[in-house]
Amino acid sequence: QVQLVESGGGLVESGGSLILSCAASGRTFSNYAMGWFRQAPGKEREFVTSINWSGKDTYYASSVKGRFTISRDNAKNTVYLQMNSLKPEDTAVYYCAKGVLYGAAATTGYNVWGQGTQVTVSS
């Protein structure tokens, strides 16, 4: 069973940057797509970005396109989320997830989730 552990969250000022990491256990990490979601207080979990198994294809929500970058290192079983030009509305718990299908924007397209890491952007 794959397990995912996120890290790298924290408090940052508006306009700042953070890098989130998601480490996966297991030997088949390179076989599947990965995604990042986020959930703000009182809101539903929303899609942020996804990456295919090789890292060559990526897909972003319009709200983060041009500011966030997803990448992966299959040798390290890790997926990353580089977040630049952060805004207060980016404040949320960020989750990585193992994809059933690449490019899925719904939570039903993912079958393993990490515990989440808090990102807070101050204005």
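Please read these numbers as outputs of a predicted model, since none were measured by experiment.
- Between the Asn77 side chain and the Phe29 main chain, no donor and acceptor come within less than 3.5 Å of each other.
- Both Val119 and Val79 are part of a single hydrophobic cluster, where members link through side-chain heavy atoms under 4.5 Å apart.
- The minimum heavy-atom distance linking Gly99 with Tyr110 is given by the pair CA-CD2, 3.4 Å.
- Formation of a donor-acceptor pair under 3.5 Å by the Thr69 side chain with backbone atoms of Gln82 is not found in this model.
- Under a hydrophobic clustering in which Ile, Leu, Val, Met, Phe, Trp and Tyr are joined whenever their side-chain heavy atoms come within less than 4.5 Å, directly or via other members, Phe37 and Val112 fall into different clusters.
- Two residues are said to be in side-chain contact when any heavy atoms from C-beta on lie closer than 4.5 Å; Ile70 and Arg72 fail this criterion.
- A chain of hydrophobic side-chain contacts below 4.5 Å, direct or via other Ile, Leu, Val, Met, Phe, Trp or Tyr residues, connects Leu20 to Val12.
- The main-chain N or O of Glu6 is found under 3.5 Å from a side-chain atom of Gln115 such that the two form a donor-acceptor pair.
- Under the 4.5 Å side-chain heavy-atom criterion for ILVMFWY residues, a single connected hydrophobic cluster contains both Leu18 and Tyr94.
- Under the salt bridge (charged side-chain N to carboxylate O under 4.0 Å, His left out) criterion, the residue pairs touching residues 81-103 are Arg38-Asp90, Arg67-Asp90, with sequence neighbours excluded.
- For Trp36 and Phe68, the distance between ring centers is not under 6.0 angstrom.
- Side-chain atoms of Val5 and Gln3, non-hydrogen and from C-beta on, never get closer than 4.5 Å to each other.
- Taken to the nearest 0.5 Å, the OH atom of Tyr95 stands 12.0 Å off from the OG1 atom of Thr107.
- Considering all non-hydrogen atoms of both residues, Ser123 and Ser14 come closest at CA-CB, 4.3 Å.
- Only one option out of Cys22, Cys96, Ser21 pairs with Tyr80 in a side-chain contact (heavy atoms from CB on, under 4.5 Å); it is Ser21.
- Annotation for Val2 and Ala24: closest pair CG1-CB, 4.5 Å, computed over non-hydrogen atoms.
- Shown here is Trp53, whose CH2 atom has no more than 12 heavy atoms of other residues, nucleotides or ligands within 6.0 Å.
- With values rounded to the nearest 0.5 angstrom, Thr28 atom OG1 is found 10.5 Å from Asn74 atom CG.
- Under the 4.5 Å side-chain heavy-atom criterion for grouping Ile, Leu, Val, Met, Phe, Trp and Tyr, Leu81 is connected to Val121 within one hydrophobic cluster.
- In terms of the side-chain contact (heavy atoms from CB on, under 4.5 Å) criterion, residue partners of Ala23 (sequence neighbours excluded) are, by chain and number, Thr78.
- Looking only at distances, no side-chain donor or acceptor of Thr120 sits under 3.5 Å from a matching main-chain atom of Thr91.
- When atom types are taken as modelled, the side chain of Thr49 and the backbone of Tyr59 share a donor-acceptor pair closer than 3.5 angstrom.
- Heavy atoms only, all atoms of each residue included: Gly109 and Ala104 are closest at CA-CB, 3.9 Å.
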